[in-house]
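The chain is numbered in sequence order, starting from 1. Since we're looking at a predicted model, the values are computed, not measured.
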Amino acid sequence: MTDLTQLQPTATATVGVREVFGIDTDMRVPAFADRTEHVPGADAAYRFNPQVTLAILAGFAHNRRVVIQGLHGTGKSTHIEQVAARLNWPCVRVNLDGHISRLDLVGKDVITLQEGKQVTQFQEGILPWALQRPVAIVFDEYDAGRPDVMFVIQRVLEREGSFTLLDQKRVIQPHAHFRLFATMNTLGQGNLSGLYHGTQMLNHAQLDRWNLVTTLNYLAPEDEAAIVLARVPQMDTPQGRQQVDAMVALANFTRKGFAVGDLSILMSPRTVITWAENAQIFHDVKLAFELSFLNKCEPAERAIVAEYFQRCFGQELNARAQDPAVQAHVG
């Protein structure tokens with residue numbers, strides 16, 4: 001594996017934001033000349049949101065701490081990865097689910113065999129490992145992190161913040177090209193909408209340490225349709241494009257229905273892509289829709305979703321699939 005501690009961006013490898021990301025600015029961002037195994041793969045079909053992209057690029061270029069908020073499926077983490085991919089910047093994602101502990105971040109003593117003898121030695125966690133390297137670390141589901149874990153992260157939120165390994169009596173200074181990002185579904189106020197169980201109220205002193213906060217919303221319908229077609233090229237035909245436009249329109253109906261309280265669930269772009277992929281498997285748009293989204297809905301809400309389907313496709317869904325009484329009986 002590449003020794004990341006020796007990796008440095010070169011002045012000749014800076015990239016122009018206008019040329020690479022299509023954003024009208026003269027901004028240039030440092031980049032690495034060579035790719036390593038920690039650099040995400042580039043997705044040529046990815047569509048960049050200008051404001052979010054500029055915030056991420058400022059994070060890379062000026063060592064700003066950047067957090068992206070938005071509903072599920074909008075591509076928050078992928079957005080950071082795709083920027084990193086075009087800069088050849090090593091990037092590591094850490095999901096702050098309930099199983100991530102302080103020891104996972106900081107490190108712990110482990111028993112190893114050396115020359116046939118058991119030896120106890122300290123094994124660094126992901127945070128000190130990344131701090132000492134030119135790595136962008138992305139904390140996914142930041143608002144779901146445990147309080148003890150969040151206070152560990154708080155130590156390095158300062159731009160030049162050092163990190164103390166108390167057990168080792170060692171202070172780690174961050175690498176000049178270490179970068180820190182985070183994504184979250186809520187704004188740190190907990191599960192107010194009822195959609196994101198397990199999220200926490202975040203400490204405002206910690207939120208205040210993030211230099212840039214931006215929001216990634218769902219794409220414009222034509223951009224979302226273009227991404228679906230890029231993911232499922234079999235549908236890039238006149239009839240397929242018409243179907244994809246109807247899929248995206250239905251997804252937007254569910255988002256509006258969720259916003260006004262008619263639905264307790266919505267279709268993300270990820271769900272639309274899954275629906276299109278499943279339609280290729282079953283060769284049936286209606287069956288694929290039922291298996292991809294409708295069956296996730298509460299029985300009482302399926303009639304509303306079926307109405308959305310009829311508006312967009314001009315067809316009725318299977319009556320058995322949308323009848324709450326039948327669903328309750330079957331269940």
Tell me, please, which residues at least two apart from Thr78 pass side-chain hydrogen bond (donor to acceptor under 3.5 Å, both in side chains).
none
How are the rings of Phe32 and His177 set to each other: parallel, tilted or perpendicular (split at 30° and 60°)?
perpendicular
Does a side-chain heavy-atom distance below 4.5 Å link Glu81 with Val138?
no
Show me the donor-acceptor pairs within less than 3.5 Å that the side chains of residues 276-288 make with the rest of the protein, sequence neighbours left out.
| unit_1 | atom_1 | unit_2 | atom_2 | d |
| --- | --- | --- | --- | --- |
| Asn278 | ND2 | Thr274 | O | 3.4 |
| Asn278 | ND2 | Ser292 | OG | 2.8 |
| Asp284 | OD1 | Lys286 | N | 3.0 |
| Asp284 | OD1 | Leu287 | N | 3.1 |
| Lys286 | NZ | Glu316 | O | 3.2 |

Residues, nucleotides or ligands: over 12 heavy atoms within 6.0 Å of Gln239 CD
no
With the 4.5 Å side-chain cut-off for hydrophobic clustering, are Ile126 and Leu103 part of the same group?
no
Quick one: OG1 on Thr183 to CG on Leu216, what's the gap to the nearest 0.5 Å?
10.0 Å
Residues two or more places apart in sequence or in another chain: which of them pass side chain to side chain contact (heavy atoms under 4.5 Å, CB included) with Pro221?
Val248, Asn252
Which residues pass the side chain to side chain contact (heavy atoms under 4.5 Å, CB included) test with Val171, sequence neighbours left out?
Ser162, Thr164, Gln173
Could you tell me which non-hydrogen atom of Leu212 sits nearest to which non-hydrogen atom of Ala58, and how far apart they are?
CD1-CB, 3.9 Å
Tell me, do Val29 and Thr14 make a side-chain contact under 4.5 Å, heavy atoms counted?
no
Decide yes or no for Gln315 and Gln310: does some side-chain heavy atom of the first lie under 4.5 Å from some side-chain heavy atom of the second?
no
Can you tell me how far the CZ atom of Phe48 sits from the CG atom of Leu57, to the nearest 0.5 Å?
8.5 Å
Looking at side-chain heavy atoms only, is the closest gap between Val94 and Asp140 below 4.5 Å?
no
With no hydrogens and no angle check, is any side-chain donor or acceptor of Glu307 less than 3.5 Å from a backbone partner on Ala303?
no
Ignoring hydrogens and geometry beyond distance, is a side-chain donor-acceptor pair present between Asn63 and Arg65 at under 3.5 Å?
yes
May I ask you to test the Leu229-Arg241 pair for a side-chain heavy-atom distance under 4.5 Å?
yes
Here the salt bridge (Lys or Arg N to Asp or Glu O under 4.0 Å) pairs for residues 212-231, sequence neighbours left out, are Asp43-Arg231, Arg47-Asp223, Glu224-Arg255
Decide if the gap between the ring center of Trp129 and the ring center of His175 is smaller than 6.0 angstrom.
no
Using only atom types and a distance under 3.5 Å, with no angle test, would you say the side chain of Arg179 pairs donor to acceptor with the backbone of Gly59?
yes
Just to verify, what does Gln82 make a side-chain hydrogen bond (donor to acceptor under 3.5 Å, both in side chains) with, not counting sequence neighbours?
Arg86
Common cluster, Met247/Leu291, ILVMFWY with side-chain heavy-atom separation under 4.5 Å
no
State whether the side chain of His38 and the backbone N or O of Val135 hold a donor-acceptor pair below 3.5 Å, judged by distance alone.
no
List the residues meeting salt bridge (Lys or Arg N to Asp or Glu O under 4.0 Å) with Asp245, not counting sequence neighbours, and say none if there are none.
none
Gap between atom OG of Ser77 and atom CZ of Phe139 - 0.5 Å precision:
12.0 Å
Quick one: list whatever passes salt bridge (Lys or Arg N to Asp or Glu O under 4.0 Å) with Arg270, sequence neighbours left out.
none
Before giving the answer on side chain to side chain contact (heavy atoms under 4.5 Å, CB included), spell out for Thr254 and Tyr308 the whole-Å C-alpha distance, their side-chain angles and the decisive distance to 0.1 Å.
CA-CA 8 Å; Thr254 68; Tyr308 294 158; 4.1 Å; yes
Are Asn211 and Val66 close enough that some pair of their side-chain heavy atoms sits under 4.5 Å apart?
no
Tyr46-Val39 co-clustered via ILVMFWY side chain contacts under 4.5 Å
no
Gln242: partners by side chain to side chain contact (heavy atoms under 4.5 Å, CB included), with sequence neighbours left out
none
Main-chain N/O of Ile23 paired to Arg18 side chain as donor or acceptor, under 3.5 Å:
no
Considering non-hydrogen atoms only, spot the tightest contact between Val305 and Cys297 and give its length.
CG2-SG, 3.9 Å
At their closest point, which heavy atom of Arg35 faces which heavy atom of Gly41, and how far apart are they?
NH2-CA, 3.8 Å
Partner residues of Phe60 under the ring-ring contact (aromatic ring centres under 6.0 Å, His included) criterion, sequence neighbours left out:
Trp89, Phe181
Search all heavy atoms of Pro90 against all heavy atoms of Thr36 and return the closest pair with its distance.
CG-OG1, 3.9 Å
I'd like to know if the side chain of Asn185 and the backbone of Gln69 have a donor-acceptor N/O pair within less than 3.5 Å.
no
Passes side chain to side chain contact (heavy atoms under 4.5 Å, CB included), Asn88 versus Asp34? Steps please.
CA-CA 7 Å; Asn88 286 338; Asp34 302 314; over 6 Å; no
dist Thr215:OG1 -> Lys76:NZ (nearest 0.5 Å) comes out at 10.0 Å
Closest approach of Ile137 and Ala130, non-hydrogen atoms and distance?
CD1-CB, 4.3 Å
Mind listing the closest non-hydrogen atom pair of Thr214 and Gln51 along with its distance?
OG1-OE1, 3.2 Å
Rounded distance (nearest 0.5 Å) linking atom CZ of Phe21 with atom CG of Asn49:
13.0 Å
Modelled atom types, side-chain donor and acceptor of Ser264 and Glu298, under 3.5 Å
no
Sequence neighbours excluded, the answer for ring-ring contact (aromatic ring centres under 6.0 Å, His included) partners of Phe313 is Trp275, Phe309
Counting N and O atoms only, with roles assigned by atom type, does the side chain of Asp143 sit under 3.5 Å from a partner on the main chain of Met184, one being a donor and the other an acceptor?
no
Within the structure provided, determine whether Ile304 and Leu263 are in side-chain contact (heavy-atom separation under 4.5 Å).
yes
To the nearest 0.5 angstrom, please state how far the CG atom of Asp26 sits from the CG atom of Asp24.
7.5 Å
Validation row: Thr25, Leu54 side chains within 4.5 angstrom (heavy atoms):
yes
ring-ring contact (aromatic ring centres under 6.0 Å, His included) filter on Phe178, not counting sequence neighbours, yields none
Let's go through Leu317 and Leu294 carefully: what are the C-alpha distance in whole Å and the side-chain angles of both, what is the deciding distance for side chain to side chain contact (heavy atoms under 4.5 Å, CB included) to 0.1 Å, and is it a yes or a no?
CA-CA 10 Å; Leu317 279 177; Leu294 185 68; 3.9 Å; yes
